[in-house]
2 protein chains.
Amino acid sequence: MHTVAARAGVSIASASRVLNGVGGSPETIRKVREAAAEVGYVPNAIARSLQSQRTGLVALAVEDIGNPVYVEMMRAIEAVVASSGRQLLVHATGGRIDNETALLRRLANRYVDGMIVSPIRVTDDHLTALTDSPVPVVVVGQLGADAPIDNVRTDSRHGVALAVDHLVATGRRRIGFVNGPLDTVPGAARDAGFRAALDRHGIPLDDELIEVGDFQYAAGRAATERLLARADPDALVCANDLIAVGALHALLVAGRRVPQDVALVGMDDTELARMMFPQLSSVSLGSAERGRRAAELLLQRIADAALPPRREQVPPNLVVRASSAATLPTPRPAAGSAGPPTTHPSSEGVTA
Amino acid sequence: MHTVAARAGVSIASASRVLNGVGGSPETIRKVREAAAEVGYVPNAIARSLQSQRTGLVALAVEDIGNPVYVEMMRAIEAVVASSGRQLLVHATGGRIDNETALLRRLANRYVDGMIVSPIRVTDDHLTALTDSPVPVVVVGQLGADAPIDNVRTDSRHGVALAVDHLVATGRRRIGFVNGPLDTVPGAARDAGFRAALDRHGIPLDDELIEVGDFQYAAGRAATERLLARADPDALVCANDLIAVGALHALLVAGRRVPQDVALVGMDDTELARMMFPQLSSVSLGSAERGRRAAELLLQRIADAALPPRREQVPPNLVVRASSAATLPTPRPAAGSAGPPTTHPSSEGVTA
DNA sequence: TTGTATGCGTTATCAT
DNA sequence: ATGATAACGCATACAA
């Protein structure tokens with residue numbers, strides 16, 4: 001900028017004005033533009049931000065960007081953020097909790113105008129990092145009851161209940177559960193939800209039918225293999241869709257038919273559920289909706305820091321597809337046709 | 001900082017030194033630390049960066065973070081970047097080319113220490129934005145021959161050839177191809193590769209066996225449905241794994257057995273290929289390796305801007321799995337058992 | 001060790 | 001409309 005001004009024979013202030021499109025005589029504008037083009041001037045956004053106190057950037061921190069549920073959340077957030085002229089940056093923390101607080105410490109120190117964080121584990125360290133953040137932060141997920149932080153959550157306990165209710169209603173009784181780690185917030189909530197739901201239906205809890213692994217495909221598959229080795233479920237609830245896909249693979253390899261032998265219900269209702277064959281029933285936790293709301297809360301708070309902390313809740317919603325259909329929708333190819341040809345096994349799901 | 005210094009009764013310079021851990025008498029250190037804690041001081045990273053000329057941030061811009069191939073690439077990059085004490089930020093451009101250049105213009109203006117970009121469409125506008133970038137940029141993917149930009153690529157033309165060779169070698173002749181948009185760099189390369197490979201084997205090209213859509217699941221499924229409506233392939237090559245998964249779904253819905261009736265080969269060799277049942281053969285384009293190399297090139301250039309532009313190439317590599325196995329590995333369940341039980345249909349792939 | 005003063009690249013304020 | 005100058009918040013060369 002200094003160089004540009006000198007080359008154009010004007011003051012640095014005039015150069016800045018022209019480059020920002022405010023003021024300047026036609027002659028000055030021409031000279032500055034020319035000089036800028038000649039030296040290939042590009043503005044230093046850092047310096048500009050130091051002055052303007054904003055960067056036009058918003059960050060999203062999630063556990064695992066390989067999980068499609070976060071992709072859907074990200075897309076929803078992106079849409080809102082873009083409408084405010086800002087750009088969205090995503091960071092995958094990989095579940096390393098130190099990484100997450102480190103990111104908060106770095107980004108939140110004004111590299112971005114605001115952050116959306118979706119932690120699956122929440123420590124005190126976390127909470128202080130969140131509350132001490134110099135820029136607005138919105139949390140997607142359960143948070144300590146009285147944390148003064150904008151927060152949008154769902155009720156995954158109830159989500160699991162929807163799945164169990166559906167399976168019981170369609171005649172399943174030996175319902176297994178493949179969960180994520182119990183020391184995570186969603187893992188603990190879903191475990192509680194499963195136990196409560198069985199209890200409500202008067203079905204005795206069988207620990208043999210419960211398995212725990214990571215919230216990932218490989219873990220879901222391995223956990224299901226362990227479960228099948230010692231028990232004989234007629235239905236499986238999975239704590240997310242990645243696990244459900246792993247479970248499906250394990251079931252098919254073991255020669256179980258889905259849904260005839262074992263009904264399968266995932267959670268998050270991601271694109272993955274619709275990609276499988278048969279398509280998977282899944283409990284939607286409104287990820288896109290939660291993302292959208294979180295982004296809106298964030299933009300509001302960026303505009304007005306004095307807002308009181310808000311908390312929003314998005315209800316879960318079961319989507320029934322072929323993997324848990326009550327009527328058997330997947331006749332064996334060898335057995336010939338069955339049912340009207342217009343209803344193929346991968347037809348769209350039905351919201352319950 | 002001003003406040004902290006005043007409260008501690010020292011100069012702003014001394015406060016800065018203490019807070020950075022350089023110098024300071026025990027007494028000063030104590031006072032400053034105390035004051036900082038009392039006022040809840042958090043450093044302004046933007047101001048610090050203006051001084052230090054670095055942010056400790058590196059960005060990755062890709063088309064679609066929902067594509068697992070980019071997730072794998074991201075993970076590889078993340079590992080390298082983290083080892084340099086920096087943090088990785090990801091941006092999904094959604095294929096909007098204006099978005100991509102806008103991101104370049106914003107982030108590259110020193111919000112980050114460097115960028116890795118993997119564009120699927122390359123325009124002149126792009127190229128100038130890339131070459132004019134004030135911070136180092138590394139491109140993953142094909143680029144104009146003489147662009148003076150660090151670049152790591154693969155040979156997807158050859159990748160398609162590997163798939164075709166394999167299918168021909170296992171007796172397939174009516175080989176279909178489901179590709180992405182031809183106006184993208186990878187789409188065009190794969191189309192050329194497919195035509196050349198058929199030609200090399202003396203198989204006449206049948207346009208009925210070629211379909212084009214987006215590089216996504218839904219498009220792959222729809223394209224395959226169109227293809228099956230007018231032709232009867234005994235094998236299908238897909239331009240990426242998302243398309244291949246869509247194709248698999250379409251095939252199964254249409255009652256085709258995979259691989260008995262139709263052999264299926266995807267591309268990118270993502271986790272998705274291993275998640276399917278049957279597991280999908282896929283041409284690895286070394287995404288993780290390309291990501292790793294790109295990150296290393298970037299770090300080197302950040303350390304030394306005077307380096308000459310470099311170009312690296314990662315060879316493709318076919319991984320054969322159940323979806324295109326020569327011997328029929330998936331006996332119909334109704335037909336009873338076949339083959340040793342230790343070899344189940346989803347066994348690990350074999351590198352060719 | 002400590003404080004003073006300057007610079008990092010821009011934008012904004014204020015005279016002119 | 002233009003130019004000099006003071007911030008923005010921090011780090012550092014230099015002198016004390």
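Basis for what follows: all heavy atoms, side chains included, without hydrogens, waters or symmetry-related copies. Below, read A as the first sequence line, B as the second, and so on, with proteins coming before strands; counting in each chain starts at 1.
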Under 4.0 Å, heavy atoms only, any strand: does A:Val42 hit a base, just the sugar-phosphate, or nothing? sugar-phosphate
Would one find a side-chain N or O of A:Thr28 under 4.0 angstrom from OP1 or OP2 of D:dT2? yes
Shortest non-hydrogen contact from A:Met115 toward A:Ala61: CE-CB, 4.2 Å
What is the distance, to the nearest angstrom, from the NE2 atom on B:His2 to the P atom on D:dG9? 11 Å
Look at A:Asp64 together with B:Arg75 and state whether they make a salt bridge at an N to O cut-off of under 4.0 Å. yes
Please give, in whole Å, the distance from D:dC10 C1' to A:Tyr111 OH? 12 Å
Could you tell me the separation between the CD atom of A:Gln53 and the P atom of D:dC8, rounded to a whole number of Å? 8 Å
Please report, rounded to the nearest Å, how far the P atom of D:dG9 is from the CD1 atom of B:Ile12. 10 Å
Can you tell me if the side-chain N/O atoms of A:Ser14 get under 4.0 Å from OP1 or OP2 in D:dG3? yes
For B:Leu130, does its backbone N or O pair with a side-chain atom of B:Ser133 as donor and acceptor, under 3.5 Å? no
Members of residues 16-25 of chain B that approach DNA chain C, where some heavy atom sits under 4.0 Å away: B:Arg17, B:Gly24, B:Ser25
A:Arg54 CZ to D:dC8 C1': how many Å, rounded? 15 Å
Between A:Arg30 (CZ) and D:dA1 (P), how many Å, whole number? 18 Å
Ignoring hydrogens and angles, tell me if any N or O in the side chain of B:Thr55 forms a donor-acceptor pair with the backbone of B:Tyr111 under 3.5 Å. yes
Short N-O contact, B:Glu289 and B:Arg293, less than 4.0 angstrom: yes
Qualifying residue for side-chain contact (heavy atoms from CB on, under 4.5 Å) with B:Asp150, from B:Val138, B:Val137, B:Leu298, B:Ile116: B:Val138
Quick note, A:Leu50 side chain, CB onward, closest among D:dA4, D:dA11, D:dC8 is D:dC8
Rounding to an integer number of Å, can you tell me how far B:Ile46 CD1 sits from D:dC10 C1'? 12 Å
Under a 4.0 Å threshold between the charged nitrogen and the carboxylate oxygen, would B:Arg96 count as salt-bridged to A:Glu78? yes
I would like to know whether B:Leu103 and B:Arg105 meet side chain to side chain contact (heavy atoms under 4.5 Å, CB included); could you show each step before the answer? CA-CA 5 Å; B:Leu103 182 81; B:Arg105 294 241 144 76; over 6 Å; no
Taking heavy atoms of chain A and a 4.0 Å limit, find me the 5'-most and 3'-most nucleotide of DNA chain C within that range. C:dG9 to C:dT13
Would A:Glu296 and A:Arg292 pass as an ion pair if we require N to O under 4.0 Å? yes
